There are 2 protein chains.
Amino acid sequence: MAEKRSGCPINLSLEVIGDKWSLLVIRDMTFGNRRHFRELLTSSEEGIASNILADRLQRLVEAGLITRAPDPSHKQKVVYSLAEPGIQLVPVMAALGSWGRRHLPVSRELSIRAELLERGGPALWEDFMDELRELHLGKARPDGARSVLAHLTEAYLAEVARAEN
Amino acid sequence: MAEKRSGCPINLSLEVIGDKWSLLVIRDMTFGNRRHFRELLTSSEEGIASNILADRLQRLVEAGLITRAPDPSHKQKVVYSLAEPGIQLVPVMAALGSWGRRHLPVSRELSIRAELLERGGPALWEDFMDELRELHLGKARPDGARSVLAHLTEAYLAEVARAEN
DNA sequence: GATTGCTGGTTGCGATCTGCAACCACTCCG
DNA sequence: CGGAGTGGTTGCAGATCGCAACCAGCAATC
């Protein structure tokens, strides 16, 4: 954070999320709705180490992408939430997912969400971001608004079930 | 490259371009039309070191994002070109640029391109990618097709000139 | 035909980051 | 009180990074 190699938007973005783990943490919070340290640690597909996770969470809080708050239900628990800048990474993850799906050896189960995000386009991303604002920032939204998260998760689980048969 | 922590598209993408330099090299090739080692080395806003540049170029070639070819005009010269997967990173860079422009302390000159890419939307990106296919892959395209690169570069230079006054 | 400069790199080395495993203080539940 | 669960911290070996210095081959210059 001290550094600032140049004022280029791409460069500055990379200085914040240009490493192998930060965006995966955001991804799990966004698509997996994981909010606690242990959830992020043990449910990670890639097996992040606890010290790396602690470091990344701290950095992301400092950078303003996520927030950290005590959980009233348990005095030692901590809830991590996406802040607005973190929520707005949805299009970035969608673009990255589309690219990876096209050019890299992805697994079908894990790429179904990327496919749906790509097909849904910006309109779907906006709905998803509104849903995240509700989940993470407590902003109410109109009754009957579709749950993109549930849609994505169902599709993922269906693929998992299909792969097992 | 040997690793493959998971089959998630986002994770796999990060394993290829998830570091602080790879995407900057692609950016300079894409928006600055830099094709030679020295160009990439000395014109880099961020001051990449030569060993890092050499390493990243090699990795990007191995990953299939760019190609390396001898330059007929000078037996020791080498030309680096974007391959199709590298060209298709345009939407990723556009998304990353939009995000950075919104949430980070960018400089005006360097963010004008991100702004134009954002305003132009996917239609502009497609034209730009077609132009890159012509420049890097030699694929002809219809006469009279607009040059997005020239447009972006002019806007950038105009901003530089404006900042000096 | 020696010099000078440009070409794409390589080498050495210290600092930093990564990844694994073990450990810790605290809190809630029974 | 005992045990499971909480968010982490600590130690340490190995990999990676980043800077600076250096290098051999080629081409134009003097």
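All values derive from a computational prediction rather than experimental measurement. Numbers restart at 1 for each chain; the letters A, B, ... are given by sequence-line order, proteins then strands.
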Check your understanding: With the threshold set at 4.0 Å, does a side-chain nitrogen-carboxylate oxygen contact exist between A:Arg141 and A:Glu134?
Key -> yes

Check your understanding: In whole angstrom, what separates B:Arg34's CZ from C:dG8's P?
Key -> 14 Å

What nitrogen or oxygen pairs link the protein and nucleotides 28-30 of chain D at under 3.5 Å?
none

Practice item. Verify the contact: side-chain N or O of A:Trp21 to OP1 or OP2 of C:dG19, cut-off strictly under 4.0 Å; return yes or no. Key: yes

**Study point:** Interatomic distance where CG belongs to A:Leu24 and C1' belongs to C:dT18 [whole Å]
**Key:** 15 Å

Exercise for review: Could you tell me whether A:Glu159 and A:Arg162 have a side-chain N and a carboxylate O separated by less than 4.0 Å?
Suggested key: yes

Review point. Where the side chain of B:Ser111 meets the backbone of B:Ala114, is there a donor-acceptor pair that is under 3.5 Å apart?
Key: no

**Study point:** Crowding at NE2, B:His151 (>12 non-hydrogen neighbours, <6.0 Å)
**Key:** no

Review point. Between C:dG9 atom C1' and B:Lys75 atom NZ, what is the distance in whole Å?
Key: 20 Å

Check your understanding: Does CZ in A:Arg108 sit with more than 12 non-hydrogen atoms of other residues, nucleotides or ligands closer than 6.0 Å?
Key -> no

Point to revise | ring pair (Phe, Tyr, Trp, His ring centres under 6.0 Å) pairs, two or more places apart, involving residues 92-119 of chain B | key: B:Trp99-B:His103

Review point. C:dC17 C1' sits how many Å from A:Lys20 NZ, rounded?
Key: 12 Å

Point to revise | Donor-acceptor side-chain pairing of A:Ser81 and A:Arg35 below 3.5 angstrom | key: yes

Exercise for review: Please report the shortest heavy-atom distance between A:Leu12 and B:Pro105, naming the atom on each side.
Suggested key: CD1-O, 3.5 Å

Exercise for review: Let me know the distance between CZ of A:Arg59 and P of C:dT16, rounded to the nearest Å.
Suggested key: 13 Å

Exercise for review: Considering only NZ, NE, NH1 and NH2 on the basic side and carboxylate oxygens on the acidic side, decide whether A:Arg5 and A:Glu15 come within less than 4.0 Å.
Suggested key: yes

Point to revise | d(CD1, B:Ile48; P, C:dG9) in whole Å | key: 13 Å

**Study point:** Nearest listed nucleotide, side chain of A:Ile52, among D:dA27, D:dC17, C:dG19
**Key:** C:dG19

Review point. Can you give one letter per nucleotide of nucleotides 5-12 of chain D, 5' to 3': B if a protein heavy atom sits under 4.0 Å from the base, S if only from the sugar-phosphate, - if neither?
Key: BBBBBBB-

